[in-house]
Amino acid sequence: MLALQRAVGNAAVSRLVAVERQGGAASHGSVQHAMRGDLANEFVQTEEGAESGGHGGIANRVGGRIKEKPTNDVERRFYADMRAGEYPALEGVVPNSYTAQQVQAMDGQHGKGNDSTHVYIDNLTFSMKMPRVLDIKLGKSTASKQELFTSMSKADAWIKKMKLKAADMVTGSSDRGYRAVAGTGLKGKSRRSIGRETEQILQRISEQPSIYDVLVEKLTQAREAARNSGLAFIAASVLIAVDEQPPEESQADPVKLSLIDFAHTFGPGRMGEAQVAKYRDRFDEGIGRLIEAVQAAGEAKRQTASS
């Protein structure tokens with residue numbers, strides 16, 4: 001059975017890549033046919049919750065200061081470990097988090113879940129007057145069979161790996177090491193088109209070259225923090241928020257950046273050293289390529305402004 005699944009999956013990916021190379025004319029129907037129905041969902045679906053990093057089911061708490069997000073045991077444990085001081089290198093790069101009890105004490109509401117179903121994290125855009133948001137997925141590969149084996153059967157893990165591998169191919173992650181997945185002005189567009197247009201989307205973050213300089217600095221800090229954390233990040237993102245109209249009297253930072261999405265994060269205690277090193281390097285390469293792209297976008301804005 002597994003051999004048959006592998007043959008079908010490889011053939012599906014080959015067909016998708018062939019269509020992309022013929023001019024990117026893959027239609028919704030052809031993708032569904034190639035991937036046998038549900039296998040298409042990872043990359044033909046439109047983004048939901050673009051202002052919240054592309055995640056559905058997220059709710060505002062405490063007047064919008066905190067996001068209540070449904071997630072899995074891995075991400076819930078990660079944030080609990082952060083609160084316990086387990087990963088000091090990531091302080092200031094990862095959003096602050098809270099327990100359900102703490103959030104309920106702040107706003108008097110029970111919310112949609114609790115600490116066994118949700119995480120409660122700072123809203124990056126809180127206090128911004130006109131935020132422009134961009135969620136960028138990092139890494140050439142956004143799935144590991146070995147990591148998926150820890151939460152599902154080998155057959156299901158292999159199928160999910162193939163789905164995500166195809167998504168990485170057609171959205172550009174496999175080539176560039178990162179891709180845009182959601183953000184301001186992108187709601188309603190397919191994941192495939194957003195991924196393929198990542199460079200153009202980056203150039204629309206701001207018209208001010210100085211904003212790109214700040215983003216390069218913050219991305220570099222995030223890269224160093226990830227390197228020093230001892231963790232591997234699969235399918236993690238950087239969430240960028242730029243206030244296009246910051247109040248003159250405000251002391252708030254008009255440019256913010258956080259690492260988010262830790263549902264597939266692990267260290268050597270959960271996976272072997274080789275797997276940690278493999279995906280740590282892929283993440284590092286992806287964020288390095290993103291830094292180069294942001295630098296190039298800033299330089300292009302600077303040249304346009306001087307011409």
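Side-chain atoms are counted along with the backbone in the values below, which use heavy atoms only and exclude waters and symmetry mates. Fair warning: this is a prediction, and the values are worked out from it, not measured in the lab.
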* Mind running side chain to side chain contact (heavy atoms under 4.5 Å, CB included) on His118 and Arg76 for me, showing each step along the way? => CA-CA 7 Å; His118 288 67; Arg76 290 193 295 273; 5.9 Å; no
**Prompt:** Under 6.0 Å from the CD atom of Glu224, do we count more than 12 heavy atoms belonging to anything else shown?
**Reply:** yes
(message) Can you confirm whether Lys189 sits close enough to Glu197 that some side-chain heavy atom of one is under 4.5 Å from a side-chain heavy atom of the other?
(response) yes
Rounded to the nearest 0.5 angstrom, the CD1-NZ distance for Ile58 and Lys112 is 9.5 Å
Heavy-atom nearest pair, Thr125 first then Ala241, reads CG2-CB, 3.9 Å
Charged N-O contact under 4.0 Å between Asp284 and Arg289: no
Taking every heavy atom of Tyr212 against every heavy atom of Ala297, the minimum-distance pair comes out as CE2-CB, 3.7 Å
With a 3.5 Å distance limit and no angle check, can you tell me whether Asp81 reaches the backbone of Glu86 through a side-chain donor-acceptor pair? no
Is the backbone N or O of Ile260 less than 3.5 Å from a side-chain atom of Ser258, with the two atoms forming a donor-acceptor pair by type? no
Check your understanding: If you group Ile, Leu, Val, Met, Phe, Trp and Tyr by side-chain heavy-atom gaps below 4.5 Å, do Leu202 and Leu259 land in one group?
Key -> yes
Start with the C-alpha distance between Ile234 and Thr265, add both sets of side-chain angles, then the distance that settles side chain to side chain contact (heavy atoms under 4.5 Å, CB included), and finish with yes or no. CA-CA 6 Å; Ile234 299 178; Thr265 297; over 6 Å; no
Between Asp115 (side chain only) and Thr99 (backbone N and O only), is there a donor and an acceptor less than 3.5 Å apart? no
- Task: Test Lys137 against Ser237 for side chain to side chain donor-acceptor pair (under 3.5 Å), laying out the working first.
- Result: CA-CA 4 Å; Lys137 194 69 64 183; Ser237 295; 3.1 Å; yes
Using the rule that two of Ile, Leu, Val, Met, Phe, Trp, Tyr join whenever any of their side-chain heavy atoms come within less than 4.5 Å, decide whether Leu90 and Ile240 are in one cluster. yes
* Does Lys301 pair with Glu207 as a salt bridge, N-O distance under 4.0 Å? -> yes
Heavy-atom donor-acceptor pair, Gln109 side chain to Arg61 backbone, under 3.5 Å: no
**Request:** Start with the C-alpha distance between Val181 and Ile136, add both sets of side-chain angles, then the distance that settles side chain to side chain contact (heavy atoms under 4.5 Å, CB included), and finish with yes or no.
**Result:** CA-CA 6 Å; Val181 293; Ile136 302 175; over 6 Å; no
message: Do Lys140 and Ser173 make a side-chain contact, defined as non-hydrogen atoms from C-beta onward lying under 4.5 Å apart?
response: no
Exercise for the section: For side chain to side chain donor-acceptor pair (under 3.5 Å), just list the numbers for Tyr98 and Asp122, CA-CA rounded to whole Å, side-chain angles, deciding distance to a tenth of an Å, and then say yes or no. Expected result: CA-CA 9 Å; Tyr98 310 87; Asp122 279 343; 2.7 Å; yes
Output, in order, the C-alpha distance, side-chain angles, deciding distance and verdict of side chain to side chain contact (heavy atoms under 4.5 Å, CB included) for Thr220 and Ile291.
-> CA-CA 7 Å; Thr220 301; Ile291 290 170; 3.8 Å; yes
task: Taking only Lys NZ, Arg NE, NH1 and NH2, and the carboxylate oxygens of Asp or Glu, determine whether Glu244 and Lys129 approach each other closer than 4.0 Å.
output: no
- Task: Return yes if some donor-acceptor pair links the side-chain N/O of Asp243 with the main-chain N/O of Met130 below 3.5 Å, else return no.
- Result: yes
Pairwise side-chain contact, Val294 with Leu219, heavy-atom cut-off 4.5 Å (strictly under): yes
With clusters defined by side-chain heavy atoms of hydrophobic residues (ILVMFWY) lying less than 4.5 Å apart, directly or transitively, does Val93 cluster with Leu257? yes
Exercise for the section: Go through the steps for Asp213 and Lys218 under the test salt bridge (charged side-chain N to carboxylate O under 4.0 Å, His left out), then give the verdict. Expected result: CA-CA 9 Å; Asp213 297 336; Lys218 290 182 179 292; over 6 Å; no
Problem - Close side-chain approach of Ile287 to Tyr178, heavy-atom, < 4.5 Å - result: no
Exercise for the section: Indicate yes or no for a side-chain donor-acceptor contact from Asp261 to the backbone of Ala236 under 3.5 Å, with no hydrogens or angles considered. Expected result: no
What do the steps show when you test Arg179 against Asp135 for salt bridge (charged side-chain N to carboxylate O under 4.0 Å, His left out), and what is the final call?
CA-CA 9 Å; Arg179 70 172 183 266; Asp135 181 341; over 6 Å; no
Here the pair of heavy atoms bringing Lys256 nearest to Ser127 is NZ-OG, 4.1 Å
Check your understanding: Do Phe78 and Phe262 make the cut of ring centroids closer than 6.0 angstrom?
Key -> yes
Start with the C-alpha gap between Arg196 and Thr171, add the side-chain angles, then the distance that decides, and say whether side chain to side chain donor-acceptor pair (under 3.5 Å) holds. CA-CA 5 Å; Arg196 288 167 63 92; Thr171 57; over 6 Å; no
* For the hydrophobic clusters of this structure (ILVMFWY residues joined by side-chain heavy atoms under 4.5 Å, transitively), does one cluster hold both Tyr120 and Met82? -> no
Exercise. Answer yes or no: is there a side-chain heavy-atom contact under 4.5 Å between Gln245 and Met128?
Key: no
Can you confirm whether Leu231 sits close enough to Arg280 that some side-chain heavy atom of one is under 4.5 Å from a side-chain heavy atom of the other? no
Note: Glu273 and Pro268 closest approach over all heavy atoms is OE2-CB, 3.6 Å
Nearest heavy-atom contact between Phe126 and Gly63 is CE1-O, 3.6 Å
| Do Val74 and Arg77 come close enough that some side-chain heavy atom pair is under 4.5 Å? | yes
Next item on the list: Validate the cation-pi geometry between Arg282 and Tyr279: distance from NZ or CZ to the six-membered ring centre under 6.0 Å, angle to the ring axis within 45°.
Entry: yes
Query - Main-chain N/O of Ala180 paired to Thr198 side chain as donor or acceptor, under 3.5 Å - result: yes
Within the distance-only criterion (no hydrogens, no angle test), does the side chain of Ser190 pair as donor or acceptor with the backbone N or O of Ser193 below 3.5 angstrom?
yes
CG of Asn123 to CZ of Arg65, rounded to nearest 0.5 Å, is 10.0 Å
When rounded to the nearest 0.5 Å, the distance separating NZ of Lys69 from OG of Ser97 is 11.5 Å
What one should report as the nearest heavy-atom pair of Val170 and Arg192 is O-CG, 3.9 Å
- Determine, using the 4.5 Å side-chain heavy-atom cutoff (strictly less than), whether Val216 and Ile201 are members of one ILVMFWY cluster. yes
| query | Checking Thr117 side chain against Gly113 main chain: does a donor-acceptor pair fall under 3.5 Å? | reply | no
